[in-house]
Amino acid sequence: MKIQTKPKREGLSQNVRTVLKWAFYVFALIFFYCQMTSGDGSSSKALMLIPFSTAIACYEGEVPSAIIGAISGLLIDLATGQLLGFTGLYLCLLCGIISGMFRQFLRKNIINYFALTLATCLIYLYIDYYFCYVIWDHEGYEQVLKYRLIPSHMKTILFSPLCYLTCHLAEKLSNVKRKLELEEESEMVDRV
């Protein structure tokens, strides 16, 4: 008896599912960017593009993850008014590394994702605080850290499981499920 797996022929093809998944990713990037730029500028907001790009890095290859990280970083730079490319370069490198880590060393689960997202946010908090405030010796940069940066990153970390579950669901829905079929042995085939 021979065991073969064949893809189910029900529903959408794999190419259509992949296009829909990437369209969903693009719309989610636009939605999170709009969330970051809406409202008044006096309150701290979650940087939802960071956990979303690391969630994409869990499931995609290094090059697509790095591209999504660069786009997310550029959108964060536009939303926060920083130097264009500051966060883009950082997220481009980190998303490529995270994707490689998930491909080679780590299992794709929420604990590993949360640990890497936490590390990404903490490193970004330090880089942002140091290069945008401390190095220029702005007056009151301690208050910026206390009232703006830390609350923003806490909100980012709290909402990160939602980003993971969203990308996990998109990945599950985009893959074609394979069906196990058993074939009967044929007497007409010569066995050696």
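Counting from 1, the numbers follow the sequence of the chain as shown. What you are looking at is a predicted structure, and each value in this text was computed from that prediction instead of being measured.
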*Find the distance between CD1 (Ile56) and SG (Cys95) and round it off to the nearest 0.5 Å.*
8.0 Å
*Look only at the side chain of Thr156 and the backbone of Ala46, and say whether a donor-acceptor pair between them is shorter than 3.5 Å.*
no
*asked:* As an exercise, state the distance from CG of Leu75 to CG of Leu49, rounded to the nearest 0.5 Å.
replied: 6.0 Å
*asked:* If the test is side-chain contact (heavy atoms from CB on, under 4.5 Å), which one of Ser53, Cys163, Pro51 qualifies with Phe32?
replied: Cys163
*Can you measure from CG (Leu116) to CD1 (Ile111) and round to the nearest 0.5 angstrom?*
12.0 Å
_Under a 3.5 Å distance rule, please check whether Arg103 uses its side chain to pair with a backbone N or O of Gly61 as donor and acceptor._
no
*asked:* Does any part of the side chain of Ser174, heavy atoms only, come nearer than 4.5 Å to the side chain of Thr18, both counted from C-beta?
replied: no
*Is it possible for you to say whether Leu91 and Tyr164 belong to one hydrophobic cluster, with membership spreading through side-chain heavy-atom contacts below 4.5 Å?*
no
*Val19 and Phe27: same hydrophobic cluster, using ILVMFWY side-chain contacts below 4.5 Å?*
no
*Quick check: does any side chain N or O of Asp77 sit under 3.5 Å from a backbone N or O of Thr87, one acting as donor and the other as acceptor?*
yes
*asked:* Return the CZ to OH distance between Phe102 and Tyr113, rounded to the nearest 0.5 Å.
replied: 9.0 Å
*Contacts of Ser160 that satisfy side-chain hydrogen bond (donor to acceptor under 3.5 Å, both in side chains) - sequence neighbours left out*: none
*Please round to the nearest 0.5 Å and tell me the distance separating atom OG1 of Thr117 and atom CG of Asn112.*
10.5 Å
_Using modelled atom types and a 3.5 Å cut-off, is there a donor and acceptor pairing between side-chain atoms of Thr54 and backbone atoms of Ile50?_
yes
_In one Ile/Leu/Val/Met/Phe/Trp/Tyr side-chain cluster, 4.5 Å: Tyr33, Phe31_ = yes
*What's the spacing between Lys172 NZ and Leu165 CG if we round to 0.5 Å?*
12.5 Å
*Common cluster, Ile127/Leu122, ILVMFWY with side-chain heavy-atom separation under 4.5 Å*: no
*asked:* Less than 4.5 Å apart, side chain to side chain, heavy atoms only: is that true for Pro64 and Trp22?
replied: yes
*Would Cys167 and Phe52 count as a side chain to side chain contact (heavy atoms under 4.5 Å, CB included) if you check the C-alpha gap in whole Å, the side-chain angles of each, and the deciding distance to 0.1 Å?*
CA-CA 8 Å; Cys167 287; Phe52 188 68; 3.5 Å; yes
*Which pair of heavy atoms, one from Leu173 and one from Arg17, lies closest together, and at what distance?*
O-NH1, 2.8 Å
*Do Tyr59 and His168 have a side chain donor and acceptor closer than 3.5 Å?*
yes
*Are Leu149 and Ser152 close enough, and set up right, to give a side chain to side chain contact (heavy atoms under 4.5 Å, CB included), and what steps lead you there?*
CA-CA 5 Å; Leu149 295 177; Ser152 175; 5.7 Å; no
*Establish whether Phe159 and Leu118 are linked, either directly or via other cluster members, by ILVMFWY side-chain heavy-atom contacts under 4.5 Å.*
no
*Short N-O contact, Lys21 and Glu60, less than 4.0 angstrom*: yes
*For the residue pair Phe86 and Tyr124, does the interplanar ring angle fall in the parallel (under 30°), tilted (30 to 60°) or perpendicular (over 60°) class?*
tilted
*Taking it one step at a time, do Lys155 and Leu47 satisfy side chain to side chain contact (heavy atoms under 4.5 Å, CB included)?*
CA-CA 8 Å; Lys155 291 175 187 175; Leu47 304 171; over 6 Å; no
